[in-house]
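Have a look at the structure below, then the notes.
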Amino acid sequence: MPKYMFLLYNDPSWYRKLSPEEMQKATEKYMAWTRKPFVADSNRLAADTGRVIRPNGGHPRATDGPYSETKEVLGGYYTIESASYDEAVQLALDHPHMEYGGTIEVRQVFGT
Amino acid sequence: VAPQQTTVLLEHLFRHQSGRILAHLARLLGPAHLELAEEAVQESMVRALQTWPEQGAPDNPAAWLFRVAHNAAIDAVRRDRTGGQKSAEFLAALSQSAQIIPGEPDVEEQLRDDELRLVFMCCHPAIPGDSRVVLSLKIAGGFHVREIARAFLASDEAIAQKLVRARRRIREQQLTLEMPRGEELRERLDSAMEVIYFMFNEGYGAHEGEDLIRTDLCFEALRLGHLIATSSIDSPRVHALMALMALQAARLPARTDEAGDLILLEEQDRSRWDQELIAVGFHHFDRSMAGDEVSEYHVQAAIAATHARTIDWPLILHLYDQLFAMNPSPVVALNRAVAIAKVRGAAEALASIESLSLPGYYLLLAVRGHLLLELGRREEAAACFNEALACRCSEPERRFLRRKIEQSGRGSG
């Protein structure tokens with residue numbers, strides 16, 4: 001079955017607007033979605049913007065993450081199994097991430 | 001792959017844990033660093049959201065949040081957020097405290113004590129009266145400004161303002177989390193009970209289905225009341241307050257029908273009353289009888305207990321007479337009038353509230369209209385209900401009033 005990656009972007013400070021009650025609801029929704037049968041793998045990334053290695057004229061060098069200009073960071077990813085691109089997109093539409101100010105990028109994984 | 005376990009957490013887990021973890025951190029860091037403690041608690045919840053979906057919820061979610069909040073506080077102190085002087089002391093206290101595990105009996109007792117101290121600080125007389133409730137809900141209850149605003153039908157800014165004022169007082173007056181003693185303890189307990197009862201009434205004034213946040217206020221009041229009633233400073237009055245709140249809260253599920261319309265007490269389906277809360281209510285009612293003191297809470301608890309047992313309007317009227325003698329307030333007079341109508345008729349009830357003035361209070365107008373309608377004075381009744389509609393009231397109350405207006409206009413009552 002073809003595999004797709006869902007890349008989850010958001011502004012981590014968005015969660016700080018939520019009350020404890022809303023945080024609990026959000027946690028429950030993310031937990032429920034992550035347990036769905038088509039989810040093959042899922043991981044969260046640490047909330048900093050990371051380090052990026054650039055060519056730097058033949059002397060590769062690490063710099064601060066690519067998102068220092070914007071507040072959105074890649075916060076996690078899923079690998080899911082789905083029969084088609086359309087179906088994968090449908091599955092992503094159902095994810096709670098957008099309720100909490102996030103965006104999801106859907107990409108097909110080659111060779112699957 | 002996510003572990004096969006439930007994705008639904010204990011109801012209000014985060015809200016309740018946020019109150020108690022904050023209470024504990026505030027105890028360690030002092031009220032001067034309340035905001036740091038609040039941020040640490042929030043961080044623990046963000047961390048939960050970021051890790052539980054993949055790792056599954058921990059076996060002891062409360063202990064997990066407790067530990068992670070401690071770590072976040074430690075990080076903040078290391079970044080010198082507390083301003084130097086005592087940071088070594090704070091770090092030692094936090095590191096030691098991070099080792100304890102909520103859920104163990106002696107730890108639970110300590111945490112309850114922390115919460116109690118925090119509630120008592122929120123109810124300090126140096127804090128303006130209306131800020132005490134807001135502060136208690138925010139700090140001890142884990143409610144958000146937005147949630148409090150919704151529950152009080154107020155703007156976010158108004159609630160935020162009250163919080164700012166309260167926090168300023170905490171700083172200026174250097175309030176501590178010390179438990180007061182002697183006469184001061186008595187005063188503080190009175191203040192705490194007032195805050196809790198106010199919280200309860202604000203929640204009880206609305207109706208289920210309209211906005212659940214309001215019933216949450218009732219249950220938060222019960223939770224705080226329980227905290228005091230199970231501590232060493234409980235008193236018969238505290239038990240009376242608990243009885244009164246539990247017995248009234250028991251009726252919440254029966255107060256509206258499926259369409260969300262109001263059902264008056266005598267028409268309620270008693271099988272929908274919450275039996276567990278009734279049992280809790282009577283337990284506290286019994287304990288309120290220790291000693292000779294008869295407070296207003298006692299009389300109100302007796303009224304709620306009578307309603308819970310049976311329909312006995314003469315006894316209810318007798319109790320309202322007693323309450324009115326202790327507190328001749330317009331609201332008590334109004335409630336008493338309902339009992340007078342049941343026992344001695346609408347004319348006498350109407351006379352008893354003739355001189356009352358409660359501007360903007362829809363219930364006075366609604367009761368007056370109801371009594372006028374019973375006496376066949378339709379036009380006057382309709383005028384009362386119309387005037388009531390212009391007051392602040394909930395949507396189900398509005399529908400109730402509109403039905404009454406329609407009734408006033410028709411041939412039969």
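- To the nearest 0.5 Å, atoms NZ (A/Lys17) and CD (B/Gln42) are separated by 12.0 Å.
- With respect to B/Arg146 and A/Glu22, a salt bridge is recorded, a charged nitrogen being found less than 4.0 Å from a carboxylate O.
- Between the side chain of A/Glu21 and the backbone N or O of B/Leu13, no donor-acceptor pair lies under 3.5 Å.
- When the candidates B/Glu39, B/Met45, B/His12 are compared by the number of heavy-atom contacts under 4.5 Å with chain A, B/His12 comes out ahead.
- Here the shortest heavy-atom pairing between B/Thr7 and A/Arg35 reads CG2-CD, 3.5 Å.
- Atom CG of B/Leu49 is separated from atom OH of A/Tyr100 by 8.0 Å, given to the nearest 0.5 angstrom.
- A search for ring pair (Phe, Tyr, Trp, His ring centres under 6.0 Å) contacts involving B/Phe200 returns B/Tyr204, not counting sequence neighbours.
- A side-chain hydrogen bond (donor to acceptor under 3.5 Å, both in side chains) with A/Ser19 holds for exactly one of B/Glu147, B/Arg15, B/His144; it is B/Glu147.
- In this structure, B/Gln55 CD and A/Asn43 CG are separated by 9.5 Å, a value rounded to the nearest 0.5 Å.
- To the nearest 0.5 Å, atom OH of residue A/Tyr30 and atom CD of residue B/Glu54 are 10.5 Å apart.
- At a 4.5 Å heavy-atom cutoff, B/Leu65 makes no contact with chain A through either its backbone or its side chain.
- Sorted by first and then second residue, the pairs that involve residues 60-73 of chain B and meet side-chain hydrogen bond (donor to acceptor under 3.5 Å, both in side chains), not counting sequence neighbours, are B/His70-B/Ser97.
- Counting heavy atoms of neighbouring residues, nucleotides and ligands inside a 6.0 Å radius, atom CZ of B/Arg47 does not exceed 12 of them.
- Under a 3.5 Å cut-off, the side chain of A/Gln24 and the backbone N or O of B/Phe14 do form a donor-acceptor pair.
- The environment of CD in A/Glu99 is crowded: more than 12 heavy-atom neighbours from other residues, nucleotides or ligands sit within 6.0 Å.
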